[in-house]
Amino acid sequence: MRTIMESKVRIQREDFSVTGEIEAIKKSSRNIGGITVFLGTGRELSKGENISKLNFEHYPKMAEKKLEELRVKAIEDFKIIDMSIIHRIGEIDIGENIVLIVAAGEHRAETFKACEWAIAELKRTTPIWKRETTSTGEVWVQATP
Amino acid sequence: MRTIMESKVRIQREDFSVTGEIEAIKKSSRNIGGITVFLGTGRELSKGENISKLNFEHYPKMAEKKLEELRVKAIEDFKIIDMSIIHRIGEIDIGENIVLIVAAGEHRAETFKACEWAIAELKRTTPIWKRETTSTGEVWVQATP
Amino acid sequence: MITLKYFASLKTIAGKEEERLDVGSETTVQKLSETLLQSSPQIGEMIQGKKVMVSVNQDVADLNTVIHDGDEVAFLPPFSGGSL
Amino acid sequence: MITLKYFASLKTIAGKEEERLDVGSETTVQKLSETLLQSSPQIGEMIQGKKVMVSVNQDVADLNTVIHDGDEVAFLPPFSGGSL
């Protein structure tokens, strides 16, 4: 049980496969009719500045704990079947995957709501920080809207 | 140009790769920061009845035309960067992929809105029909909420 | 000659997928539904009762839409794509 | 002894990632911030001005939270995960 729970919430350096995560969550139930996925990727432009790369750092243990709390609350509050959350850390290039949230449910409405809530809540409560490298240097991003 | 447009809107018998479609849409811009995906899958239970398989039929030409109109409108109205829409036809087993909508934008809010609008609009305007096979026989699904 | 196409449940009701019909150089969806009331009463009633959508050359039509020789007219029961 | 952890921009400000501090058997976040006002004035001010979040043993804390010997206290600047 514990290994299954942990595998649905991960913070890792390596990239992930969206198809792979979807197929993993499909195994939770034969009654999944809708899956909403949010994928955050590294974009080139930030507040008018060109970014050459991104770097993510997290507070180990606390970040994983927050993601697991978030997952459990999303499943309960939105009555979805399952959710997985993966966030990458370390160096990320433009266009690369950063964060993935997969929300699976019987119908689509609740999966959209759960997924959108989860990414907003992740940003608000999970100790992960982003450093942007631009032509003028490196800067920790202090607040994102 | 035409081949690129057409490849973003497809109705096909064969399965699709979610990762493949996401990577294809990422090529549209280096400024994509958020991608919302909706994946519809075949669920076992429908109105209390156990389904053994699904079958989708479409009106060729009209269905593709509606999907392309929908894609163009979603990109314009929600100010997203790109969208792709794929719907499978023919026989579909429980757990298999049916429909995929990928909405890519600079920020996440507009991609959630565009994706959710697109799947609702697809159901409303695109001539595709579903036949469910249960233990009591086959039935065309006449209206879905 | 125009082409009539039946989809999904309408194929069973009409007993066919497609047929060709001579309606002269011009008619309307309303007039076509009256013709069908004779040959396929159930289909004709569904059109007039707006239980099925009608398209002319892949565009959604209404009872007043004009149909020309060579057009493709399709009868579309309520859609159910999108999986759920 | 408690462990203090600094993350992201605070690592540069504090000039370290981690330190060990003897605060006796019990203290509070408020008292710890007063101690830090001496050794790392900028960090102490940020805590008191609530510019950084404080966690005790991976749980979000406030100025009144009690810190025991052996606890892990972390200083967390505003989060920016999630990509955008």
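In what follows, chains carry the letters A, B, and so on, assigned in the order in which the sequence lines appear, proteins first and then strands, with residues in each chain numbered from 1.
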Peer 1: Taking atom OG of C:Ser80 and atom CD of B:Glu132, what is their separation to the nearest 0.5 Å?
Peer 2: 8.0 Å
Peer 1: Show the nearest heavy-atom pair for residues C:Glu72 and B:Lys61, with the distance to one decimal.
Peer 2: OE1-NZ, 4.3 Å
Peer 1: With a 4.5 angstrom heavy-atom cut-off, could you sort out which part of B:Arg88 is near chain C: side chain, backbone, both or neither?
Peer 2: neither
Peer 1: Can you tell me if NZ on B:Lys65 sees more than 12 non-hydrogen neighbours from other groups inside 6.0 Å?
Peer 2: yes
Peer 1: Answer yes or no: does atom CD of B:Glu69 have more than 12 heavy-atom neighbours from other residues, nucleotides or ligands under 6.0 Å?
Peer 2: yes
Peer 1: Where does C:Lys11 contact chain B at under 4.5 Å (heavy atoms): side chain, backbone, both or neither?
Peer 2: side chain
Peer 1: Would you call the rings of C:Phe7 and B:Trp129 parallel, tilted or perpendicular if under 30° counts as parallel and over 60° as perpendicular?
Peer 2: parallel
Peer 1: Spell out, as yes or no, whether a donor-acceptor pair under 3.5 Å connects the side chain of B:Lys130 to the backbone of C:Gly81.
Peer 2: no
Peer 1: Compare all side-chain heavy atoms of C:Asn57 with those of B:Met62 and state whether any distance is below 4.5 angstrom.
Peer 2: no
Peer 1: Taking the side chain as every heavy atom from C-beta outward, state whether B:Lys123 and C:Phe79 have any pair of such atoms under 4.5 Å apart.
Peer 2: no
Peer 1: Other residues, nucleotides and ligands only: do more than 12 of their heavy atoms fall within 6.0 Å of NZ on B:Lys113?
Peer 2: no
Peer 1: At a heavy-atom distance under 4.5 Å, which candidate from B:Ile128, B:Ile92, B:Ile89, B:Ile101 has the highest pair count against chain C?
Peer 2: B:Ile128
Peer 1: Taking the side chain as everything from C-beta on, heavy atoms only, tell me whether C:Met53 gets closer than 4.5 Å to B:Thr125.
Peer 2: no
Peer 1: First locate atom OH of C:Tyr6, then atom OH of B:Tyr59, and finally report the distance between them rounded to the nearest 0.5 Å.
Peer 2: 12.5 Å
